[in-house]
Asks: 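This is the structure I want to talk about, given as structure tokens.
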Amino acid sequence: MGMAMNGIALEGLTRVYGGTFLVFSDYMRPAVRLASLQQLPVTYVWTHDSIGLGEDGPTHQPIEHLASLRAMPGLDVVRPGDANEVSVCWGQILKNRSTAALALSRQGTPTVDRSEYAAAKGAAKGGYVLAESSTEVPDVILVATGTEVAVALEARTTLEKAKIGTRVVSMPCREWFDAQSKAYKEKVLPAAVRARVSVEAATPFGWREVVGDAGEIVGIDHFGASADAGTLYEKFGITPAAVVKAAKASIKKAKG
């Protein structure tokens, strides 16, 4: 399928996409690498993007795949946080005409209330301030992708009730965010705020450069298990409570 998509893209008259589970991107890797090398406008729609696919078990649950794909030059790895971000990111993929992977969940995820939080158009920049801190300078910044954006927003509610100023940054595409101006990146992730937590249901590998030396990483560094999504997220600590704990730990390290 991957090589056929490359051939269609090389012919030039069709914007091509194809889909399968994210874990099966392993089987497509040579074709994906060639598409990225040639900068073909091919889009991979890879679903079932985390342990949230549940009962299919660890063989079908991607752990290392997002980090591995982000390591590939020329490939934009896009993991939107809700339906509106999917729409914005799809539009940006079409505009960019680059090789892109759209990682989507199996499990349901809430649609963010844009009357309360920032407009989804910020997703086109790869990362944006979704929920602002109640304090002028945030005490901590939570950076989340995909289905874990909802987890971060819930954690923010708890932290704000505890008088801890918390900003939530949705970062659907690390590559797009890295391409933004220094001024924009500083506005979203100010260097002065060292207390940071990343939240992604995948390997922590690669997130240290975002959260820094005082940051904490909420993820999963082992293979999953066969159970429903809610049970797995709870058992493996990808929860609002775990994010709150990590935020407090990061604030303590940043002050120390």
Side-chain angles (χ1 to χ4, degrees), residues 9 14-19 22 25 32 35-36 39-47 49-50 65-67 69-105 109-133 138 141-153 156 167-191 193 196 198-202 206-207 209-211:
T14 306
R15 291 298 298 272
V16 61
Y17 68 90
L22 178 57
S25 64
V32 176
S36 300
Q39 276 297 277
L40 301 179
V42 172
T43 303
Y44 308 99
V45 182
W46 286 323
T47 62
D49 67 353
S50 74
H65 295 74
L66 290 170
L69 291 164
R70 286 178 181 135
M72 187 179 293
L75 179 65
D76 295 340
V77 180
V78 187
R79 190 169 185 249
D82 73 347
N84 290 311
E85 284 195 7
V86 171
S87 177
V88 171
C89 289
W90 180 251
Q92 193 61 36
I93 287 169
L94 294 178
K95 289 177 183 177
N96 289 349
R97 297 190 61 81
S98 57
T99 315
L102 192 60
L104 304 175
S105 71
T109 189
T111 301
V112 175
D113 183 355
R114 300 295 169 169
S115 66
E116 181 179 357
Y117 301 111
K121 64 181 181 180
K125 293 182 178 294
Y128 67 107
V129 178
L130 174 60
E132 190 53 279
S133 168
I141 299 175
L142 311 180
V143 184
T145 78
T147 44
E148 288 70 69
V149 169
V151 176
L153 287 174
R156 173 184 175 270
R167 171 184 289 182
V168 173
V169 171
S170 177
M171 192 170 285
C173 184
R174 294 269 302 270
E175 293 79 15
W176 294 350
F177 184 71
D178 288 344
Q180 302 305 313
S181 68
K182 289 183 178 180
Y184 178 79
K185 288 186 283 188
E186 171 64 19
K187 183 179 179 181
V188 175
L189 295 175
V193 183
R196 302 178 183 182
S198 66
V199 194
E200 184 173 72
W207 280 104
E209 64 185 72
V210 174
V211 301

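Because only heavy atoms are used, hydrogens play no part in the values below, and waters and symmetry mates are left out as well, while side chains stay in. Predicted model, so just to flag it, every value in this text is computed and none were measured.
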Asks: Suppose we screen for side chain to side chain contact (heavy atoms under 4.5 Å, CB included). Which residues come up paired with Ser115, at least two apart in sequence or across chains?
Replies: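 Scan of Ser115 (side chain to side chain contact (heavy atoms under 4.5 Å, CB included), adjacent residues dropped) gives Asp113.
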Asks: Looking at Leu66 and Ala103, what are the two nearest heavy atoms and their distance?
Replies: CD2-CB, 4.2 Å
Asks: For the backbone of Val210 and the side chain of Arg196, can you confirm whether one donor and one acceptor N or O come within less than 3.5 Å of each other?
Replies: yes
Asks: Mind checking whether Leu153 and Tyr117 have side chains closer than 4.5 Å, heavy atoms only?
Replies: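 SC-SC contact between Leu153 and Tyr117 confirmed.
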Asks: Mind checking salt bridge (charged side-chain N to carboxylate O under 4.0 Å, His left out) for Glu209 and listing every partner two or more places apart, or none if nothing turns up?
Replies: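 With sequence neighbours excluded, Glu209 shows a salt bridge (charged side-chain N to carboxylate O under 4.0 Å, His left out) to Arg174, given in chain and number order.
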Asks: What is the minimum heavy-atom distance between Arg114 and Ala119, and which atoms define it?
Replies: NH1-C, 3.7 Å
Asks: Could you list the residues that satisfy side chain to side chain contact (heavy atoms under 4.5 Å, CB included) with Ser36, not counting sequence neighbours?
Replies: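 Scan of Ser36 (side chain to side chain contact (heavy atoms under 4.5 Å, CB included), adjacent residues dropped) gives Val32, Met72, Leu75, Thr99.
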Asks: Within the 4.5 Å heavy-atom criterion, are Val149 and Thr109 side-chain neighbours or not?
Replies: no
Asks: How about Leu189 and Met171: do any of their side-chain heavy atoms sit closer than 4.5 Å?
Replies: yes
Asks: Between Ala118 and Tyr128, which heavy-atom pair has the shortest distance, and what is it?
Replies: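 Ala118 and Tyr128 have their closest heavy atoms at CB-CE1, 4.2 Å.
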Asks: I would like to know whether Arg97 and Arg15 meet side chain to side chain contact (heavy atoms under 4.5 Å, CB included); could you show each step before the answer?
Replies: CA-CA 9 Å; Arg97 297 190 61 81; Arg15 291 298 298 272; 3.4 Å; yes
Asks: So, for Gln92 and Ala124, which heavy atoms are closest and what is the spacing to 0.1 Å?
Replies: OE1-CB, 3.4 Å
Asks: With side chains defined as the heavy atoms from C-beta onward, is the minimum distance between Trp207 and Thr145 less than 4.5 Å?
Replies: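 Result yes, sub-4.5 Å side-chain heavy-atom pair found.
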Asks: May I ask you to test the Thr147-Arg79 pair for a side-chain heavy-atom distance under 4.5 Å?
Replies: yes
Asks: First locate atom NZ of Lys185, then atom CD of Gln180, and finally report the distance between them rounded to the nearest 0.5 Å.
Replies: 8.0 Å
Asks: Which atoms form the tightest heavy-atom contact between Trp176 and Asn96, and what is the distance?
Replies: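 So the two residues come closest at NE1-ND2, 3.2 Å.
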Asks: More than 12 non-hydrogen atoms from neighbouring residues, nucleotides or ligands closer than 6.0 Å to OH on Tyr184, yes or no?
Replies: yes
Asks: Would a 4.5 Å heavy-atom cut-off, applied to side chains only, mark Trp46 and Leu69 as touching?
Replies: yes
Asks: Nearest 0.5 Å, what's the OG-CD distance between Ser170 and Glu148?
Replies: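 Atom-to-atom, Ser170:OG and Glu148:CD are 11.0 Å apart.
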Asks: State, with a plain yes or no, whether a side-chain heavy atom of Asp82 is found less than 4.5 Å away from one of Glu85.
Replies: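 Contact flag for Asp82/Glu85 side chains = yes.
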Asks: Which heavy-atom pair separates Glu186 from Ala191 by the least distance, and what is that distance?
Replies: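 It is OE1-N, 3.1 Å.
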Asks: Please report the C-alpha distance between Ser98 and Asp76 in whole Å, then the side-chain angles of each, then the deciding distance to 0.1 Å, and finally whether the side chain to side chain contact (heavy atoms under 4.5 Å, CB included) criterion is met.
Replies: CA-CA 7 Å; Ser98 57; Asp76 295 340; 2.8 Å; yes
Asks: Report the C-alpha separation of Glu116 and Arg156 in whole Å, then their side-chain angles, then the decisive distance to 0.1 Å, and conclude whether the salt bridge (Lys or Arg N to Asp or Glu O under 4.0 Å) test is met.
Replies: CA-CA 13 Å; Glu116 181 179 357; Arg156 173 184 175 270; 5.3 Å; no
Asks: Do Leu102 and Pro80 come within less than 4.5 Å of each other through their side chains, counting heavy atoms only?
Replies: yes
Asks: Go through the steps to decide whether Asn84 and Val112 satisfy the test side chain to side chain contact (heavy atoms under 4.5 Å, CB included), and finish with yes or no.
Replies: CA-CA 8 Å; Asn84 290 311; Val112 175; over 6 Å; no
